[in-house]
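Side-chain atoms are counted along with the backbone in the values below, which use heavy atoms only and exclude waters and symmetry mates. To find a chain, count down the sequence lines: A is the first, B the second, and so on, and within it residues start at 1.
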Amino acid sequence: MRIYNSQSRQKETFVPIREGQAGVYCCGPTVYDFFHIGNARPFIMFDLLRRVLIRQGYQVTFVQNFTDIDDKMIQRANREGISVKELGDRFIKEYYQDAGALGVKPADVHPRATEHIPQIIKIIQELIDKGLAYERDGDVYYSAAGFPGYGKLSGQDMEELEEGARVSVDEDKRSPIDFALWKAEKPGEPSWDSPWGKGRPGWHIECSAMSMEYLGDSIDIHCGGQDLIFPHHENEIAQSEGATGKPFVNYWMHNGFLNINSEKMSKSKGNFFTVRDILEEYDAETVRMLMLSAHYRSPLNFSREMMEQAHASLARLYTLRDHLAFLLEKTEDKRLSAADEAFIQGTQDSLKHFDDALADDLNSAEAMGALFEMVYSANTQLSESSARAAVQAAWDVLHEATDLFGLLTKKQEALPEAVQKLAEERAQARKNKDWQQSDALRKQLSDLGYVVEDTPQGQKVRKAL
RNA sequence: GGCGCCAUAGCCAAGUGGUAAGGCGAAGGUCUGCAAAACCUUUAUUCCCCAGUUCGAAUCUGGGUGGCGCCUCCA
């Protein structure tokens, strides 16, 4: 497995800390609202990372947090007249629903910031003890200047940062680039007891605390969006390494943005679609198809046209799946011809190509290309005169690849009785060469969402995607 | 101002030193009663531009141009 490490800015061979195991931490959502389709990109792509690692034989521990306490949470909760806890509970539930719909599996651990206050306090105390943090009127700040490696992930220079820093809201800080570890209680805000009085954690510290809790002081892979590189991940490094004195993360992975009209989709710009809304109109697998068609680090434009293209590509996979099922019934269990053997070898080669592409920094676009090579090969080389084993090989490889991609999850279903009846009537009308009647029935089936195909082996009816 | 990313056909997208994968779309064709699906043919002598290195560059170097992002909450 090769991974592009944002810190070294090059691809590196993945060497886990513990052989055969991989500890992965991904920054999760702030649960103050539904997440949008741009937020879904890292969820889908790093879920793919997890699947690939597992396929390669690693024992993966995958952790993704919920940020359930911050300014936005408090604002939203106040606006809705509910507690921050209630708000978090609600949108964590919504997260599971949308992520699940998108085929994103739940992480091994989904820790909540508010349930790790003792761990957070412990790290802050360690940082204070080491002189890397200081308290001011109940607030605690990290002293970035005290950590020599500050800026190593983002390539930022301390002095440039200080000069370029925007107006500092909080004048208690020693330096504009210092950041809050603990915020003193303000009226109307939830708070927890701490050695520095009542208050709540800053944003960055939760990820240090929770990754340490579930993955240890050093973790293999840490992922998130490119917009988290600075300051969030830079700050995590400072906190974690400052506290433990050990390397925090070996491989940093950052996904590119999902754009709209070439601009980053974001809540603040208002140019976003929630996953909830998108799934009203499009199939979840179409969303996956779109995401998988581009490399995770590249920018990806989201548009209706892109969704239509992804949908059409996906339909090609379903068509083949259905066609293979059809062939499995028609073909015989006979001796393999030379052509069958060559075909089976070809499917294995395609699968190898598929795996190799994914092992190369999660190149899902190339892997998709490998999958479609197999699709083409099956479409051109298989027929009812093929040996069943050859068809089975195509079926197996198709499913190995699409299972990993989280595609073709909709199983073939028996036709509803009404559909079956119409289909039979149409078959009869065709036999009678009553084209008008048969076309009318085909139209009726189409309106019900079923496609009718006349093949040499008879009429085939399938559900339209 | 600082730190980065991106630029490949009508649309999307791999490829990062050896002569342009794949998908969508479009046109024509085979098949079909007509369709659908699939298949066949066509759709980039060329990879934003200009120099340079090299036997050889979309790929490396330098310089431009255009777009985007982070430096404030953001996946």
May I ask you to evaluate whether [X] reaches the phosphate of [N], defined as a side-chain N or O under 4.0 Å from OP1 or OP2?
X: A/N379; N: B/rA38; value: no
X: A/R297; N: B/rA75; value: no
X: A/R316; N: B/rG23; value: yes
X: A/Y4; N: B/rU16; value: no
X: A/K267; N: B/rA75; value: no
X: A/S298; N: B/rA14; value: yes

Worksheet item: Nearest of B/rA75, B/rA13, B/rC34 to any side-chain atom of A/A294?
Response: B/rA13
Practice prompt. Answer whether the closest heavy-atom distance between the side chains of A/V31 and A/M73 falls below 4.5 Å.
Written response: yes
Item to complete: Between A/G369 and A/A312, just flag the one whose closest nucleotide in RNA chain B comes earlier from the 5' side.
Response: A/G369
Practice prompt. Answer yes or no as to whether B/rG22 has its base stacked against A/F372, where stacking requires a ring-centre separation under 5.5 angstrom and planes under 30 degrees apart.
Written response: no
Practice prompt. Output yes when A/D283 and A/K410 qualify as a salt bridge under the 4.0 Å nitrogen-oxygen rule, no when they do not.
Written response: yes
Worksheet entry | Cationic N near anionic O, under 4.0 Å, A/R200 to A/D71 | yes
